[in-house]
Protein chains: 2
Amino acid sequence: MTGQVRTVDGRVAGRRGQATRQKLLDCLSEMLSSSPYRDVKVIDVARKAGTSPATFYQYFPDVEGAVLELAEEMAKEGAELTELVSGRSWVGKAAWQTSVQLVEGFLDFWRRHDAILRVVDLGAAEGDKRFYKIRMKILTSVTNSLADAVKDLQSKGKVDKDVSPAAVAGSLVAMLAAVAAHQKGFTTWGVKQAELKPNLALLVHLGITEKKPIK
Amino acid sequence: MTGQVRTVDGRVAGRRGQATRQKLLDCLSEMLSSSPYRDVKVIDVARKAGTSPATFYQYFPDVEGAVLELAEEMAKEGAELTELVSGRSWVGKAAWQTSVQLVEGFLDFWRRHDAILRVVDLGAAEGDKRFYKIRMKILTSVTNSLADAVKDLQSKGKVDKDVSPAAVAGSLVAMLAAVAAHQKGFTTWGVKQAELKPNLALLVHLGITEKKPIK
DNA sequence: TCGGTAAGCTGACGGCATGACAGGACAAGT
DNA sequence: ACTTGTCCTGTCATGCCGTCAGCTTACCGA
């Protein structure tokens, strides 16, 4: 469906072309990790990749376009997040397990992709629909699964009827994303990495089940 | 202690100078609201303010410097957030009131300053200490107050001892900030503005007291 | 009223990034 | 060797950056 990779001027890219294209993306990713988004220039990426700016423009319309590409790549990888919540139990001791694993998986994913996720978050907050869609793609599976869990507990009468499953699930996921993005910030409040996770898991558990966890 | 406003080359700014300086800040603020941070150029801000780029550089080292200034202004205004939590009760029905008011005040503040806060968030996430400090300044009062509330409930035996007050408070505040920044995102999941607030308040209440609210 | 002084502003300039193009290098098949 | 299509780069016009010298304006004391 997606078909081949194409250059800006419409040619299909061959083996060599794909390689340089990928190299440009890799270098861009490195640059995003090491310098502020605002200061990432085409010429720097090209230099780092050992090629010329003109080459960059053959594959991407601009820096933003290339970033979108990186983000799409990451979004595909984000499918793994689904496994953290789908088909898990939210009852008894298992619920605590589920919470902990969700938190760990989520923080880990965010740490692996923090540079690109920062930019996606910014773009989404600025109202750019393309970034917004990518952000959704990553979060939506987790959010929906959590919402389903809440609905399920509601149908069993374990959670109040006037709770909005989508609102609660979305808020919890937003919390995980925000904490992951500002992990360093917590150390300033004297919060160690190790104690952050269980407390996040506690909040997730409380939010979904409305009960203290059984450990 | 702070003394007078100074130009980049060391002169003290008079009435007129302060006025243009402020005008530049105002125009920058507008530009941040209407176009992506990456695309905000000195020349555009200057044009909008009816002055020349050279004038801009008399008052600010670069766009980032001016943004920091705007952020400082906002941080001062952020003192009002303290009132949302300091000296409030977290027991019984009052706790629900407190939760609701905290959520409403927080979301409102974020909506009023969303453009700057986006940039501050980005800068902080990128590890820029200056932005990071400003973000702290805004959030720290709320976070500390919430942490105190948790400690207080712990001392009364109403909350488990192994909960880290700072971690829980920080995470809840991060959640509020994230939800505020991506409010539009929730509408896509079919969550209305109106139902978002009570559900956030519920999560805050659960996180602090570990109990369902009494409404 | 009249300089004197410092504040305030801008035109102009070298430097660099952008983005487009045409043409040359290269690989593969014939 | 020749052709074909892919791939890369030199070059160029354009526009923003950031600085400086120099001009204008406001204030103030004599």
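Only this structure's heavy atoms are used, side chains among them; waters, hydrogens and symmetry mates stay out. All chains are named by letter (A, B, ...) in the order of the sequence lines, taking the proteins before the strands, and each is independently numbered beginning at 1. Just so you know, these numbers come straight off a predicted model, no measurement behind them.
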Just to be sure I understand: a Watson-Crick pair is purine N1 to pyrimidine N3 plus N6-O4 or O6-N4, both under 3.5 Å. Using that and G-U wobbles, which stems of three or more pairs involve DNA chain C? C:1-30 with D:1-30

In whole angstrom, what separates B/I43's CD1 from D/dT19's C1'? 15 Å

Which word best sums up how the rings of A/F106 and A/W110 line up, parallel for under 30°, tilted for 30 to 60°, or perpendicular for over 60°? parallel

For A/R38 and C/dT18, what is the distance between atoms CZ and C1' respectively, to the nearest whole Å? 16 Å

State which of C/dT18, D/dC17, C/dA17 makes the closest approach to the side chain of B/K41. D/dC17

If the threshold is 4.0 Å, N to carboxylate O, is there a salt bridge linking B/D148 and B/K151? yes

Using atom types as modelled and distance alone, determine if a side-chain donor or acceptor of A/Q183 lies under 3.5 Å from a backbone N or O of A/A180. yes

Please confirm whether the shortest side-chain N or O distance from B/Y57 to OP1 or OP2 of D/dG18 is below 4.0 Å. yes

When you check every protein heavy atom under 4.0 Å of nucleotides 5-13 of chain C, what one-letter string (B, S, -) results, 5' to 3'? --BBBBB--

Between D/dC7 atom C1' and A/L24 atom CG, what is the distance in whole Å? 12 Å

SB check B/R47 B/D44 (cutoff 4.0 Å): yes

Specify the closest pair of heavy atoms between A/L107 and A/L176, including all atoms of both residues, with the distance to one decimal. CD2-O, 4.1 Å

Side-chain touch A/R112/A/F109, heavy atoms, less than 4.5 angstrom: yes

In whole angstrom, give the distance that lies between atom CD of A/E64 and atom C1' of C/dT18. 15 Å

Determine, for A/D26 against A/K23, whether the closest basic-nitrogen to carboxylate-oxygen distance falls under 4.0 angstrom. no

Measure CG/A/D39 against P/D/dC16 and give the value in whole Å, please. 18 Å

If you apply the rule side chain to side chain contact (heavy atoms under 4.5 Å, CB included), what do you find for A/K48 with A/V45, and how did you get there? CA-CA 5 Å; A/K48 203 179 179 79; A/V45 177; 5.8 Å; no

